[in-house]
Number of protein chains: 2
Amino acid sequence: MAEKQGDLQIGEVAQRTGVTQRTLRFYEEKGLLRPPSRMDGGFRLYSEEDVKRVQHIRRLQDLLGVSLADIKEMVDADEVLRELRSQYRPESAITEKRKQLQKATDVTKAQFAIVKQKTEQMREMETQLEERLKLFARWKQELDELEKKAAPSRG
Amino acid sequence: MAEKQGDLQIGEVAQRTGVTQRTLRFYEEKGLLRPPSRMDGGFRLYSEEDVKRVQHIRRLQDLLGVSLADIKEMVDADEVLRELRSQYRPESAITEKRKQLQKATDVTKAQFAIVKQKTEQMREMETQLEERLKLFARWKQELDELEKKAAPSRG
DNA sequence: TCCAACCTTGACGTTGGCGTAAGGTGTACC
DNA sequence: GGTACACCTTACGCCAACGTCAAGGTTGGA
């Protein structure tokens with residue numbers, strides 16, 4: 001198997017996502033990334049989808065600050081989503097589908113709750129910091145004027 | 001020195017803040033909390049201020065997900081703020097004050113930048129998740145209707 | 001055919017943020 | 001002054017999330 005058009009080796013993926021190759025292998029090991037296809041010699045071949053996935057994982061890490069285990073749960077829900085998208089499937093599996101959909105919904109709702117709560121608190125913090133900056137600005141003003149009075153332009 | 005009115009032992013602080021005693025000592029060790037006063041026997045005595053400080057640290061940890069080293073920088077800025085509040089001080093120290101104020105302002109601005117960026121991204125994620133939930137809801141509808149047609153009330 | 005650049009799988013190392021156990025001391029209350 | 005409980009320091013332990021070799025195989029071009 002030669003390198004298929006559009007596929008990426010691990011080095012390129014690392015560059016484009018800003019993580020190390022070690023991290024990519026680590027994510028694979030932990031089940032956060034599906035094992036990619038390989039070249040004949042064993043080199044990993046990633047797709048654009050994989051790149052997006054990595055970026056998604058990083059966003060979750062950075063923004064939510066949750067563990068990779070939790071993130072795995074979340075991206076697994078993504079996988080379910082993709083699977084469900086391939087509608088054409090045995091009708092017998094409809095109960096299964098329903099279960100998967102339920103699971104995905106639950107996970108997403110949980111995630112949504114976290115995000116909502118955090119945005120809320122972040123906004124609070126944002127205004128607090130804003131207030132503080134204003135306060136600092138006023139103090140600086142006062143300092144400036146104090147200095148002007150203490151040592152009026154002696155030039 | 002008996003236990004002063006209004007002061008708290010480490011156990012109470014732990015309970016009220018939801019962290020362990022170990023964590024409180026650890027924060028002290030790392031300079032995130034000023035060494036509290038002590039009873040004659042060596043028991044730590046915390047103030048209400050300390051409690052607030054711990055809660056603040058935890059919020060920073062949880063929301064921003066930054067290292068304790070970074071948080072130290074931030075809460076040190078708080079300390080500067082408190083010091084600057086005691087205005088009555090030798091005039092000779094005005095240059096020093098200015099420097100401290102500058103530093104505090106810088107740190108606060110940096111923090112503000114982080115918070116702002118994160119809130120932004122969080123809001124994006126929020127809407128994404130909302131969309132996804134809607135999609136899931138629609139799919140569930142479809143599944144329901146599909147089932148109704150496949151097996152119409154056979155009672 | 002040969003080489004440089006790229007990749008592979010182990011396997012051990014590191015850092016942050018605490019947990020936990022040991023062995024001893026303080027405090028409060030009867 | 002005994003006892004039950006809260007606290008003290010010291011020090012080793014632990015887990016997540018990678019970092020960092022080491023020793024070798026693959027690829028693609030000259």
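Quick caveat: nothing in here was measured; it's all calculated off a predicted structure. To find a chain, count down the sequence lines: A is the first, B the second, and so on, and within it residues start at 1.
A salt bridge is absent between A/Lys97 and A/Glu83; no separation between the charged side-chain nitrogens and carboxylate oxygens falls under 4.0 Å.
For the segment residues 70-78 of chain B, the set of residues with a heavy atom within less than 4.0 Å of an atom of DNA chain D is empty.
A/Arg98 meets the side-chain contact (heavy atoms from CB on, under 4.5 Å) test with B/Lys140, B/Leu143, B/Asp144, B/Glu147; sequence neighbours excluded. The salt bridge (Lys or Arg N to Asp or Glu O under 4.0 Å) check on A/Glu126 picks up nothing, with sequence neighbours excluded. Every residue two or more places apart in sequence or in another chain that forms a side-chain hydrogen bond (donor to acceptor under 3.5 Å, both in side chains) with B/Gln21 is listed here: B/Arg25. Not counting sequence neighbours, B/Glu131 has no partner by the salt bridge (Lys or Arg N to Asp or Glu O under 4.0 Å) test. For A/Lys30, there are no salt bridge (Lys or Arg N to Asp or Glu O under 4.0 Å) partners, not counting sequence neighbours. In this view, A/Gln102 and A/Asp106 satisfy the side-chain hydrogen bond (donor to acceptor under 3.5 Å, both in side chains) rule, not counting sequence neighbours. By the salt bridge (Lys or Arg N to Asp or Glu O under 4.0 Å) test, A/Arg16 is found to be paired with A/Glu48, residues two or more places apart in sequence or in another chain being considered. Applying the side-chain contact (heavy atoms from CB on, under 4.5 Å) criterion to B/Glu130, with sequence neighbours excluded, gives A/Phe112.
Within the structure, every pair that satisfies the salt bridge (Lys or Arg N to Asp or Glu O under 4.0 Å) test and touches residues 53-82 of chain A, not counting sequence neighbours, is listed here: A/Glu49-A/Arg82, A/Arg53-A/Glu79, A/Asp62-B/Lys118, A/Lys72-A/Asp76, A/Glu73-A/Lys103, A/Asp78-B/Arg132, A/Glu79-A/Arg82.
Taking the screw axis at each terminus of the helix from C/dT1-D/dA30 to C/dC30-D/dG1 from five consecutive base pairs, the angle between the two is 10° to within rounding of 10 degrees.
Rounded to an integer number of Å, the gap from CG of A/Leu45 to P of C/dC6 is 16 Å.
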message: So if I define the base as every atom that isn't primed, P, OP1 or OP2, how would nucleotides 3-19 of chain D read as a B/S/- string at a heavy-atom cutoff under 4.0 Å?
response: ---BSSB-B-----BBB
